[in-house]
Amino acid sequence: MDYTLMVGGEAGQGIQTIGGTLAKVFSREGYHVLTHQDYESRVRGGHNFYRVRISEEPVASPRQGVDILIALDRESMARHSGELNAGAAVIYDADALQVRYEGEAFLDIPLERIAVERGGSRVMSNVAAIGAALGALGLAQRPLPEVLEWALHGKGRDVVEGNVRVAEEGYRHGSKACAKCGFEPGRPGEAKMLIAGNDAVGLGALASGCRFYAAYPMTPSTGIMNYLAARSGDYGIVVEQAEDEIAAINMVLGASYAGVRSMTGTSGGGFSLMVEGLSLAAMTETPVVIVLAQRPGPATGFPTRTEQGELLFASHAAHGEFPRVVFAPGDPRQAFLLTCKAFDLAERYQVPCIIMTDQYLADSEWTYGEFEFDCVSYADHRLRGDPLSEAAGYKRYAFTSGGVSPLAVPGASRHLVVADSDEHDEEGHIVEDALTRTRMVEKRLLLKSPALKEAIAPPLRYGSENPEVVIAGWGSTYGCMREAVDRLSPDTDIAMLHFSEICPFPDTGRYGFMEALENARFTICVENNASGQFRRLVRAETGYEFGAGLNRCDGRPFTVDDVLGGLHDLIR
Amino acid sequence: MDYTLMVGGEAGQGIQTIGGTLAKVFSREGYHVLTHQDYESRVRGGHNFYRVRISEEPVASPRQGVDILIALDRESMARHSGELNAGAAVIYDADALQVRYEGEAFLDIPLERIAVERGGSRVMSNVAAIGAALGALGLAQRPLPEVLEWALHGKGRDVVEGNVRVAEEGYRHGSKACAKCGFEPGRPGEAKMLIAGNDAVGLGALASGCRFYAAYPMTPSTGIMNYLAARSGDYGIVVEQAEDEIAAINMVLGASYAGVRSMTGTSGGGFSLMVEGLSLAAMTETPVVIVLAQRPGPATGFPTRTEQGELLFASHAAHGEFPRVVFAPGDPRQAFLLTCKAFDLAERYQVPCIIMTDQYLADSEWTYGEFEFDCVSYADHRLRGDPLSEAAGYKRYAFTSGGVSPLAVPGASRHLVVADSDEHDEEGHIVEDALTRTRMVEKRLLLKSPALKEAIAPPLRYGSENPEVVIAGWGSTYGCMREAVDRLSPDTDIAMLHFSEICPFPDTGRYGFMEALENARFTICVENNASGQFRRLVRAETGYEFGAGLNRCDGRPFTVDDVLGGLHDLIR
Amino acid sequence: MISFDDYKDQEPAWCPGCGNFGIRNAFIDAMTGMGMEPHQLVIVSGIGQAAKFPHYVKCNAFNGLHGRALPVATGIRLANHRMHVIVMTGDGDCYGEGGNHFVHAMRRNVNVKLFVHDNQIYGLTKGQASPTSMEGMVTKAQPFGVMSEQFNPLAMAIALDCGFVARGFAGDRAHLAGLFVRAMEHEGFALVDILQPCVTFNKVNTYEWYRERVWKMDGEHDEGDRMEAFKMSLLWGERIPIGVIFRKRRPTYEERNPVISRAPLVEQAFDRSKLAAALAEFY
Amino acid sequence: MISFDDYKDQEPAWCPGCGNFGIRNAFIDAMTGMGMEPHQLVIVSGIGQAAKFPHYVKCNAFNGLHGRALPVATGIRLANHRMHVIVMTGDGDCYGEGGNHFVHAMRRNVNVKLFVHDNQIYGLTKGQASPTSMEGMVTKAQPFGVMSEQFNPLAMAIALDCGFVARGFAGDRAHLAGLFVRAMEHEGFALVDILQPCVTFNKVNTYEWYRERVWKMDGEHDEGDRMEAFKMSLLWGERIPIGVIFRKRRPTYEERNPVISRAPLVEQAFDRSKLAAALAEFY
Ligand SMILES: Cc1ncc(C[n+]2csc(CCOP(=O)(O)OP(=O)(O)O)c2C)c(N)n1
Ligand SMILES: Cc1ncc(C[n+]2csc(CCOP(=O)(O)OP(=O)(O)O)c2C)c(N)n1
Ligand code: SF4
Ligand code: SF4
Ligand SMILES: [Mg+2]
Ligand SMILES: [Mg+2]
C-alpha cells in the first residue's frame with residue numbers, strides 16, 4: 001500500500017484540521033506517514049492543499065499523483081484532478097460546491113448535511129470528510145474517537161461526541177460510495193510517533209535544556225516559538241517575542257551570557273537582521289543556537305514556500321572571521337538530534353551553531369518508531385558552583401591550548417565575567433596592540449577550528465557500496481534522494497551522500513566519502529535552489545566538481561518522482 | 001630618494017595636521033607620496049602615528065623603517081626609535097617632552113618656544129614641526145605658505161601669516177640641526193594630486209552623478225559622508241545621516257526608486273545590518289551602490305584598524321539568490337574608476353554593487369599625475385521624459401531577452417511603477433504560482449549573470465610574462481604586491497595578479513590569467529586576513545588551489561618589506 | 001473626473017469582513033474627492049496584511065521589507081518631493097519591527113503621510129501580539145497573556161512633537177476619509193492610526209468593541225495645544241477618541257534642506273562640467 | 001566596606017575633562033554608598049565613549065554592539081533576575097541606533113537601569129549630530145546644521161509610561177549619585193538621562209551652558225502625576241530641570257512571568273525526566 005491523500009481548498013476552510021487528523025489516525029494505526037503542506041501567504045481564500053502519504057513501508061518523500069482527493073472547493077478540482085492516479089477517488093460535497101462532477105472517481109458525499117444532521121453544526125463537515133476518506137480507504141475507524149478527542153482537546157465531551165457521530169456517518173458514506181474502489185488498506189502496525197520538523201527542533205531544544213527562546217514571528221520558523229511557548233510553563237522556559245530580530249538575537253546572547261542555554265529562530269530576512277549579532281556571539285564567544293528556516297528569496301519572496309537558497313549565506317554570514325557550525329537536517333529525526341548536538345557544540349566550543357531547515361521540512365510530518373533520547377548526551381560545559389567559587393583567579397578569555405576558555409556564570413561567585421565585542425585581552429578588556437590581536441584570532445579561529453571539524457560527522461551514505469551513480473545533497477532533499485535510491489536499486493548501481501553537518505565541512509582526510517564521488521561515473525547534486533550552492537561549497541572545500549546538478553527553484557519541494565525524472569534525463 | 005617620515009604622538013596632538021600638511025607640500029612639489037595612518041579608537045591620548053613616504057619614483061606601499069621621526073611624546077620615542085633607519089633624524093622638543101635624548105639622530109628643536117615667540121600661540125608648535133622636518137630634509141620651503149593657507153583655509157590672513165612665520169623659523173632650526181644629516185631631497189617635479197581612498201570614492205560618486213547619500217557614521221567609512229556632505233550644496237547632493245544602517249540602505253533604495261543615483265557606505269557591522277536591504281535591492285531590482293570599508297572583526301573588533309575579512313561575506317551576503325557586483329579597488333585611482341563603473345553597472349543591470357575598501361585604503365593618500373575623467377563614460381539608463389510618456393504600456397518587471405526590464409521614473413508620466421519585495425508578476429504585483437516564480441528567477445538571476453560577467457575586467461597582470469612566481473591578491477594589497485614585484489624583478493621571474501573586480505569572477509575562459517597560475521612554480525595569495533578568503537573563492541570559482549598564502553591579521557597593513565620577507569620564506 | 005473604479009487594482013486577498021476593506025474604501029474616497037490621480041501618488045508599504053494595500057489600489061508603489069516602509073518613503077520624498085508619498089503599514093510593521101524609523105521620521109518631519117492599520121495583532125503571521133495588543137491578551141506566542149504595556153502611538157507622536165496626529169476607525173468610512181484628506185493637506189509628516197478590526201485573529205477588539213467606544217472628539221479640544229492633546233491621547237477605555245488630536249505646523253525637511261528647497265533632486269540636471277573643480281581640490 | 005578604589009579598573013581613555021568622568025565618580029559613589037559589590041552588578045553597554053564605561057569600573061560586563069545594549073540586558077535579567085543589571089549607553093547608542101529597543105524595553109518594564117550619557121553628539125566617531133543634538137548645530141555631516149527636531153527622551157519615556165524617568169547632570173556628582181541610588185531602588189525599568197559635556201566635539205552644550213540652565217526641580221512637582229511630569233519634560237531652554245521627573249510603580253516583567261516569578265531561570269535545575277512526557281505528545 002502506498003497512497004497519497006490530498007485535501008484542497010481555501011485558506012480557512014479547515015484543510016489543516018482534515019489533513020492533520022488523518023495523519024494522526026494513520027500514525028496511530030502504525031502506518032508510515034509523510035505529510036506536506038502547500039499554502040499561500042494569506043489567511044482566508046486562495047488555494048491551499050495538504051498531502052498525506054501513507055504506506056506500510058517507510059516513506060520519506062512526497063510522490064506525484066493523488067489517490068484520494070478531498071476537494072473543499074471547485075478550484076481544487078480544477079487544479080488537481082489532472083493529478084489523479086488510476087483508481088483514485090475524489091470526495092466532495094456537490095451541494096456545497098454547487099456543482100456535480102461526472103465520472104466514477106467522483107464521490108459526492110453530503111458532508112455538510114451529515115455535519116448538520118449528526119453534529120448540529122456545519123463546521124463539522126470537515127470531520128465528515130475525515131470519516132469519508134477513512135471509509136473510502138477501508139481503514140479501521142477504531143482510532144477515530146480517540147484522535148478526535150486529541151484534536152479537540154479541552155472542547156468538552158459533548159463536542160467530541162457530536163464529532164464522533166459525524167465522523168462515523170462520514171465513514172459509512174465513504175465506505176459505501178467507494179465500495180468498488182479497490183483500495184487495499186494494508187496491515188496496521190504499532191502506533192508510531194508523528195512529528196514535524198519545527199516540533200522536532202523544539203523537542204531537541206527541550207531535550208538540551210534550552211531555557212530561553214526569543215524570536216520575532218516569521219514563517220516558516222514560527223512553529224518553533226509556538227511549540228516552546230505552549231510548553232514554557234511546564235518545562236521552565238522563558239519565551240519572549242522580541243520587538244525585532246535584532247533584539248531577539250541580542251536577548252538570546254544576554255541570556256546565554258547569564259548562564260542559560262538559549263536559542264532563536266527565524267527565516268532568511270530575519271536571519272539577515274541577525275548577522276551582526278552572530279558576529280557578536282563569535283567575538284564574545286557566547287554560545288548560541290540559531291534556527292534558520294529557509295523560504296524562497298530574495299527579500300520577502302515566497303513567504304510560505306520552500307527553498308534551499310541560503311547555504312552560502314549562512315556559511316559566510318557576518319563581518320569578520322570566526323568559526324561556526326552549520327547543520328542542515330534532512331528529516332525531523334535529524335532535526336531533533338542535530339538540535340541537541342548544536343546545543344552541545346555551541347556551549348562546548350563557545351561558538352554559534354546554525355540549524356538550517358526550510359518550509360518543507362519545518363511543516364512536514366514524518367513517522368518514527370521512537371526517538372533515541374538516550375543517544376543524546378547532556379553535559380553542562382559551564383563553570384559554576386564550587387569549581388567556580390574556588391577558582392584561584394578567573395579570566396573570561398584565558399589562553400588555553402585548545403582555544404576554549406572557561407565559561408563562568410556571572411554573579412555565581414565573586415569572580416567577574418567580562419564579555420567584550422571589541423578586541424580584548426584575556427580579562428575581556430579593550431586592547432589596541434597587534435600581539436594580543438594575533439593571539440586572540442589564533443584562539444578564537446585557528447585553535448578552535450580543528451576541534452570543531454573533529455566533531456563533524458561524515459555524510460550519510462546510502463545505497464550501493466561501489467556506486468556508478470552518486471546523488472548528493474543536503475538538508476531537506478534527504479527523503480526524496482533516499483527514495484530515489486531505493487527505487488533505482490538494484491537495477492542502477494546508485495548511492496546517496498546526504499550532508500547534514502556542513503560547516504565545518506566533514507574531514508575528507510578522515511572519511512572516505514570523496515572516493516565515492518571520484519570513482520562514480522555520474523555524480524549529481526540535488527538542490528532546491530537555482531544556483532547550486534552546495535556544488536559551489538564542495539568546490540570551495542575540496543576542488544571537486546559534480547557532474548551535474550538537479551535543481552528546483554519554484555518554491556515547491558522535490559518529489560521522489562522529480563528526482564527520478566531528473567536522473568533519467570541526466571544519466572544516459 | 002625614498003624617505004619615510006613618521007609623526008607620532010597622542011590623539012589630539014595634531015598628528016594629522018602635521019602629516020597631512022607635509023604630504024601636501026611634497027605632492028605640490030611633485031614628489032610621489034604615500035601616507036598611511038595608525039590610530040586608536042579614542043579621541044585624546046593613546047598612541048597614534050602618521051607615516052609619509054616620499055620618493056621621486058612612484059610609491060605604492062608603506063615601507064618598514066623611518067627616516068625622519070617627529071616625536072610629539074615620549075611614547076613615540078619608546079615605540080619607534082627601534083625603527084629608525086641608518087642616518088635617520090628625530091625631531092622633538094626636549095622642553096615639551098621634559099626629557100633629553102642622547103645621540104646624533106636626536107634633534108632637540110624648541111618647537112613650543114618657536115610657536116609662542118613667532119606665532120603667539122603654543123598650538124602652532126605643530127607648524128614649527130612641519131617647518132623643522134622640511135628643513136631637516138633640505139626641501140625647498142617655497143610651497144609652505146600656500147600649503148598653510150590651504151590647510152588653514154578660512155582662518156584669516158593674520159593667522160596664516162603667524163603660522164608662516166613659525167614654519168619658517170622651524171625650517172631654519174631643522175635645517176641647522178640637520179646640517180650633517182645627509183638627506184638628499186631629490187628633484188621636484190610637476191605638482192601632483194594627492195588623494196585618499198575615501199575621497200576617491202566620493203569623487204567617483206560625484207563624477208557618476210550620485211545625488212543621494214544616506215549613511216550612519218562608522219569608521220573607516222565616515223570620510224565618504226564627510227566628503228560628500230561638504231560638497232552637497234555645490235554639487236546638489238542630499239546627504240542624510242540616517243538613524244541606523246537599516247534606515248540608510250532603505251532610504252537609498254527609496255531615492256533610487258524615485259529616479260536618482262544613490263549610494264551608502266558603512267563598515268562590516270553596519271553592512272551586516274544592511275544585508276536585508278541588499279536582498280531587497282536585488283528583488284526589487286533597484287540600483288544601489290554600497291561601500292563596505294572593512295575593519296578587523298568580528299563584532300566591534302578593532303574599529304580604527306585594517307583587515308580584508310569580509311570578501312566571502314560580501315560575496316554571499318543576504319538571503320535568497322541573486323546576482324551582485326563586488327569590486328575591491330587597490331588604490332585611490334582604482335577606487336575612483338570602480339566607483340564610476342559600479343554606478344553604471346548598478347543602473348544598467350539594476351543590481352546592487354558593492355565596493356570593498358578597508359581602513360588602510362580609505363585613509364591612505366596616494367599621488368597621481370591626474371585622474372582620467374574622460375575614460376569614465378556616463379549614461380542614464382533610466383526610462384524618463386518623452387520615451388517614457390510615449391511608451392504604449394509599462395511593466396516594471398517586463399520579461400526581456402537579457403532579463404533587464406525598463407526602469408521608469410515614477411511620477412514622470414501616467415505610467416505606474418510598482419516595485420515589490422514579494423515574488424511578483426511583470427507588473428510588480430504579488431503572485432503565488434510556480435511558473436511566474438521560475439521565470440522571474442530566470443530573469444533576475446540566470447539571464448543577467450552572463451551579461452554581468454561579460455562586464456567584468458580580468459585581473460591586473462604586472463611583471464614577468466612567463467613568471468615562475470605569481471603573487472595574487474585583491475583590494476588594498478595591490479601596492480605592496482606591486483612594489484614587491486618591482487624589487488624582485490628581474491632577479492626573480494615574478495608577476496602579480498591583482499583582482500579588483502571580483503564578483504562575478506572574471507571569465508577564465510575569456511582571459512588567460514589562470515594559465516599564469518597553472519604554469520608557475522610558486523603561487524602565493526597575499527591577504528590581509530587570517531583564513532585566506534580569496535584562496536577559498538578562487539577554489540570555489542575555478543577549483544584552483546594556491547601553493548601558499550601570505551596572511552596578516554593583526555589589524556595592520558602589509559608593507560612591501562613584509563611581502564618580501566614572506567616571499568623569501570615561502571620560495572625556496 | 002477620477003472615479004472609485006479607476007483606483008481599483010487586484011482583488012484583495014484579505015479575509016471577508018476585514019477592517020482593511022473599510023480603510024481601502026475611505027482611502028479611495030479621499031483620493032477621488034481630492035481629484036488626486038494614481039500616478040501622482042507613491043504608496044510605500046512594508047510586509048503584513050495592511051502592507052498588501054498598494055496591490056489593491058492603483059498607484060506607484062514600493063512594497064518593501066517588513067518594518068522598513070518609512071525610510072524608503074523618506075528616500076523617495078527627498079529625491080522627488082513633487083510626489084505625494086503615503087505609507088500604508090500595520091501596527092507590527094510600524095511600531096514593532098519599524099519602531100526606530102517611526103521615531104526618527106517624526107523628528108525629520110519629511111512630508112510623508114503615515115497611515116497605520118492598527119488591528120492590535122500580527123495578522124499575516126497568524127495572530128501573535130503586536131505592540132498595541134492589550135495587556136493580558138492570550139495568543140499562541142503569549143500563553144500567559146501579553147505582559148508588556150500597550151504601546152500608545154499617539155502619545156508618543158505628541159511627545160515627539162509630530163505635526164499631525166490623528167486616530168481613525170475602519171468602521172467609519174466617511175470620518176476616516178475626512179482624516180485622510182486633512183492629513184494630505186497638512187504640510188509635513190502626518191500620522192493617522194486607524195483602529196482596524198481583524199475578524200480572524202483579534203477576538204478582543206472587534207467591530208462591536210470599537211463601536212461601543214469610539215468617540216468623535218473633533219472640536220472638543222484645542223488641536224494646537226500639546227498638553228491637551230497629550231491628555232486626549234491617553235484616553236483608552238470606555239471612550240476612545242477618534243479625529244485629529246494634535247496639529248502643529250513645523251518647517252519640513254524639504255523646506256529646510258537648501259539642496260532641494262528650490263526643485264526636486266530628480267529634476268536637477270547632472271552638470272558634469274563642475275567636476276573639474278572637484279578634481280582641482282586635490283592639487 | 002567596599003570603597004571607591006575597589007571599583008576602579010582600567011585607566012579611562014576619555015578626553016581630559018570629559019563629562020564621563022563625573023558620571024563614573026557619581027556611579028561609584030552610589031554603588032559604594034549602597035554597599036553594592038562589583039560581582040553583584042552586570043553592566044551592559046553598546047559602543048561609543050559612554051559605552052566604554054564597564055572597562056573603567058569593576059563589574060561583570062557585557063560590552064556588546066552599538067545600539068544593542070538593552071536587549072542584551074533584558075536577556076540577562078530574564079535569565080537571572082538576582083543580578084543588578086545596568087545599561088551604560090550614549091545618546092547615539094540608545095536613541096539612534098538603539099531607538100527601537102528603547103521603546104520596547106520601557107513597555108516590557110524589565111528591571112533594568114538605563115543610564116544614558118547624553119552629550120548631544122556622537123563622540124567616538126568624531127562629532128556627528130546625535131538625536132539629541134539641538135537644531136541648527138553644524139557638524140561635518142550636517143553642514144547646513146541639524147534639521148531634525150531634537151529628540152526628547154524624557155517626554156517619550158513618559159508617553160510610554162516608563163516607571164522612573166529622571167535627568168541628571170555630569171557636573172553635579174552628589175545630585176547624580178542620588179539619582180542613581182533612587183533609580184536602583186525603583187522596582188522596574190528606570191531611565192536616567194545624564195547631561196554630559198563632550199569637551200572635544202560639542203562646542204554648544206558646554207559645562208557652562210549646562211550650569212547656567214540646570215535647575216534642580218526636586219520637590220517642585222508631583223512625581224506621580226503624568227501630566228505634570230510631561231509638562232516638566234518639555235522644558236528645555238533657560239531652565240533645564242534635573243531630578244526625578246516621573247515615577248510610577250508598575251508590575252515588572254519578572255513579577256508577571258510565572259516561569260521566573262519564583263526563582264531565576266539560571267537557578268532552576270534542568271529536569272531531564274520530564275522529557276518522556278514531551279515525547280509522548282507525538283503519539
Ligand atoms: C524581517 C521580517 N521579520 C518578520 C517577518 C514576518 N512578518 C510578516 S508580516 C508580520 C507582522 C504583521 O503584523 P502587522 O504589521 O501588524 O500587519 P497585519 O498583518 O496585522 O496587517 C511579520 C512578523 C518578515 N516578513 N520580515
Ligand atoms: C552598527 C554600528 N554602526 C556604527 C558604529 C560606529 N559608532 C561607534 S560609536 C558611535 C556613536 C557614538 O555616539 P554615542 O552613542 O552618542 O556615544 P558617545 O561616543 O557620544 O559617548 C557610532 C556611530 C558601530 N560601532 N556599529
Ligand atoms: S487576518 Fe485579520 S487583518 Fe489579516 S486579512 Fe484577515 S481579518 Fe484582515
Ligand atoms: S570625545 Fe567627547 S565624549 Fe568622547 S571622551 Fe572626548 S570629551 Fe568625552
Ligand atoms: Mg497588525
Ligand atoms: Mg553621545
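In what follows, every heavy atom counts, from backbone to side chain, and hydrogens, waters and symmetry copies are set aside.
Other residues, nucleotides and ligands contribute only 12 or fewer heavy atoms inside 6.0 Å of the CZ atom of B:R439.
Across A:R42, A:H47, A:E307, the residue that shares the most heavy-atom pairs under 4.5 angstrom with chain B is A:E307. Note on B:L292, B:L273, B:T438, B:V441: by heavy-atom pairs under 4.5 Å with chain A, the leading option is B:L273. Heavy-atom pairs under 4.5 Å with chain B were tallied for A:P303, A:G320, A:S272, A:P296; the largest tally goes to A:S272. Counting heavy-atom pairs closer than 4.5 Å to chain A, the top-ranked of the candidates B:R535, B:E423, B:Q308 is B:E423. Each of B:E545, B:Q533, B:E442 has some count of heavy-atom pairs under 4.5 Å with chain A, and the biggest count is that of B:Q533. Ranked by heavy-atom pairs under 4.5 Å with chain A, the list B:G309, B:G301, B:G297 is led by B:G301. By number of non-hydrogen pairs under 4.5 angstrom with chain B, the leading residue of A:E321, A:E276, A:M283 is A:E321. Here B:E432 is the residue among B:E432, B:M440, B:E40 with the most heavy-atom pairs under 4.5 Å with chain A. Listed options A:L278, A:V538, A:L446, A:D433 were ranked by heavy-atom pairs under 4.5 angstrom with chain B; first place goes to A:D433. Annotation: maximal heavy-atom pairing with chain B below 4.5 Å, among A:G270, A:S315, A:A318, A:A282, occurs at A:A318. In terms of heavy-atom pairs under 4.5 angstrom with chain B, the leader among A:G268, A:S421, A:A434, A:A281 is A:S421. For the set B:L312, B:L537, B:T284, the entry with the most heavy-atom pairs within less than 4.5 Å of chain A is B:L312.
The CZ atom of A:R305 sits 4.0 Å away from the CZ atom of A:R556 when rounded to the nearest 0.5 Å. Rounded to the nearest 0.5 Å, atoms CZ (B:R552) and CZ (B:F558) are 7.0 Å apart. A distance of 13.5 Å separates OG in A:S267 from OH in A:Y216, rounded to the nearest 0.5 Å.
For an aromatic pair to be called close, the ring centres must be under 6.0 Å apart, and B:F313 with A:H319 fails this.
Using the six-membered ring where Trp is involved, A:F49 and A:H80 have ring planes that are perpendicular, over 60° apart on the 30 and 60° scheme.
Using a 4.5 Å cut-off between heavy atoms, A:L445 touches chain B through its side chain atoms alone. Residue B:E310 touches chain A through its side chain alone, counting heavy-atom pairs closer than 4.5 Å. When heavy atoms are compared at a cutoff of 4.5 Å, B:I246 approaches chain A solely by way of its side chain, counted from C-beta outward.
Test B:K443, B:R444, B:R324 against B:E285 for salt bridge (Lys or Arg N to Asp or Glu O under 4.0 Å) and you get one pass: B:K443.
At least one side-chain heavy atom of B:L517 sits less than 4.5 Å from a side-chain heavy atom of B:F546.
At distances below 3.5 Å, at least one donor-acceptor pair connects side-chain atoms of B:T304 with backbone N or O atoms of B:Y39.
Using modelled atom types, one finds no donor on one side chain facing an acceptor on the other under 3.5 Å when comparing A:Y544 with A:T508.
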